[in-house]
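The first residue in the sequence is number 1, and the count goes up from there. Read the numbers this way: they start at 1 and go in the same order the structure lists the ligands and their atoms. Owing to the predicted nature of the structure, the values given are computational and were not obtained by experimental measurement.
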Amino acid sequence: MPELTYPIETERLFLRPIELADASPIHAYHSLEAVAKYQFWDPRTLDDVMVEVQKWVASKQIDGEGELALAVALKTSGELIGDLFFKITDAAARQGTIGFSFNPMVQGQGYATEAAHALLELGFDTFGLHRVFARCDARNTASWRVMERLGMRREAHFREHAVFKGGWDEEFYYAVLEREWRRQGGRKIGRKA
Ligand SMILES: CC(C)(COP(=O)(O)OP(=O)(O)OC[C@H]1O[C@@H](n2cnc3c(N)ncnc32)[C@H](O)[C@@H]1OP(=O)(O)O)[C@@H](O)C(=O)NCCC(=O)NCCS
């Protein structure tokens, strides 16, 4: 597996491993109902975030079917504005998945799209993946709009397939194959030229 060097740089952002000191800025938005609403967790206390951060600080490199947790910081100020998830789910079939959460204070400026684009580059260019997918609640319009901006296709709509936070779950799967990604030129949206 290739060794990653940090920070990963995009036009406006640095993507870097999460550190213990990041617990407070992550708590600032993981504590919000708006951020937790479609996640598998409820709004987090600082202690909850510390527990997660302690796991994430070890996720700097991937070996086989591992996962990365990355902080997203503004280049201009170093401020942490979001966090990312990247996981190789099947090394033999070269499948990976991505996820993202951003502070509502910075939403609507394309930062999530820019950061997720870097994750797709990581998947296809660095790790040689064949397919990258992401799942989201069908009501999470902001999330699936990010995926569509990146050229990911809606592959599945699971209807009432599970119970989620007390109601039926409606879930979308989005994905992009490496050849689709290359054909569309890696959708150069919000990234370094
Ligand atoms: C999902 C989430 C990360 C999306 O955040 P977002 O701010 O909507 O996404 P972006 O940062 O890419 O911003 C996109 C918006 O900025 C606009 N934008 C401005 N400048 C832009 C640029 N340079 N590039 C791309 N979009 C830009 C886009 O037009 C878009 O607006 P629109 O949705 O009105 O069309 C955010 O809603 C979130 O953190 N939600 C809570 C956690 C969550 O649910 N995560 C997903 C779990 S599956």
- Query: Under 4.0 Å from any heavy atom of R12, which atoms of ligand 1 are there?
  - Reply: 23 (N)
- Message: Once you restrict to heavy atoms under 4.0 Å, what part of Q107 touches ligand 1? Side chain, backbone, both or neither.
- Response: both
- Task: Indicate the ring-plane relationship of W56 and H30, choosing parallel, tilted or perpendicular according to the 30° and 60° boundaries.
- Result: perpendicular
- Task: Look only at interatomic distance and state if T113 has a nitrogen or oxygen under 3.5 Å from any nitrogen or oxygen of ligand 1.
- Result: yes
- Atom indices of ligand 1 within 4.0 angstrom of S101 heavy atoms, with elements: 39 (O), 42 (C)
- Note on the structure: Quick look: D137 vs ligand 1, heavy-atom contacts under 4.0 Å, and the answer is neither
- Message: Distance under 4.0 Å to a non-hydrogen atom of V35: what atoms of ligand 1 satisfy this?
- Response: 41 (C), 42 (C)
- Task: Measure R149 to ligand 1 on non-hydrogen atoms and call it side chain, backbone, both or neither using the 4.0 Å cut-off.
- Result: side chain
- What about the rings of F14 and Y6, do their centers lie closer together than 6.0 Å? no
- Task: With heavy atoms of A112 as the reference, note each atom of ligand 1 found under 4.0 Å away.
- Result: 3 (C), 5 (O), 9 (O), 10 (P), 11 (O), 12 (O)
- The residue among K75, R149, R12 that forms salt bridge (Lys or Arg N to Asp or Glu O under 4.0 Å) with E114 is R12
- Heavy-atom contacts with Q39 under 4.0 Å: which atoms of ligand 1 show up? List them by number with element. 42 (C), 43 (C), 45 (N), 47 (C)
- Task: Report, as yes or no, whether the 6.0 Å neighbourhood of atom NZ on K165 holds more than 12 heavy atoms from other residues, nucleotides or ligands.
- Result: yes
- Query: Is any N or O atom of F100, backbone or side chain, closer than 3.5 Å to an N or O atom of ligand 1?
  - Reply: yes
- Note on the structure: A student checking ligand 1 against V146 at a 4.0 Å heavy-atom cut-off should list atoms 4 (C), 9 (O), 12 (O)
- Please report the C-alpha distance between E180 and R183 in whole Å, then the side-chain angles of each, then the deciding distance to 0.1 Å, and finally whether the salt bridge (Lys or Arg N to Asp or Glu O under 4.0 Å) criterion is met. CA-CA 5 Å; E180 295 169 332; R183 198 184 303 136; 5.4 Å; no
- Query: When rounded to the nearest 0.5 angstrom, what is the spacing between CG in D48 and CG in D42?
  - Reply: 9.0 Å
- Task: Return a yes/no value for S143: is any of its N or O atoms, backbone included, closer than 3.5 angstrom to an N or O of ligand 1?
- Result: no
- Query: Do any N/O atoms on F102 end up under 3.5 angstrom from N/O atoms on ligand 1?
  - Reply: yes
- Could you verify whether a donor N or O on one side chain and an acceptor N or O on the other, from H157 and E170, lie under 3.5 Å apart? yes
- No-hydrogen, no-angle side-chain donor-acceptor test under 3.5 Å, E65 and T89: no
- Message: Under 4.0 Å from a heavy atom of Y111: which atoms of ligand 1 are those, numbered in the order shown and with their elements?
- Response: 10 (P), 11 (O)
- Identified side-chain contact (heavy atoms from CB on, under 4.5 Å) counterpart of V146 within the set T113, T141, N140, I98: T113
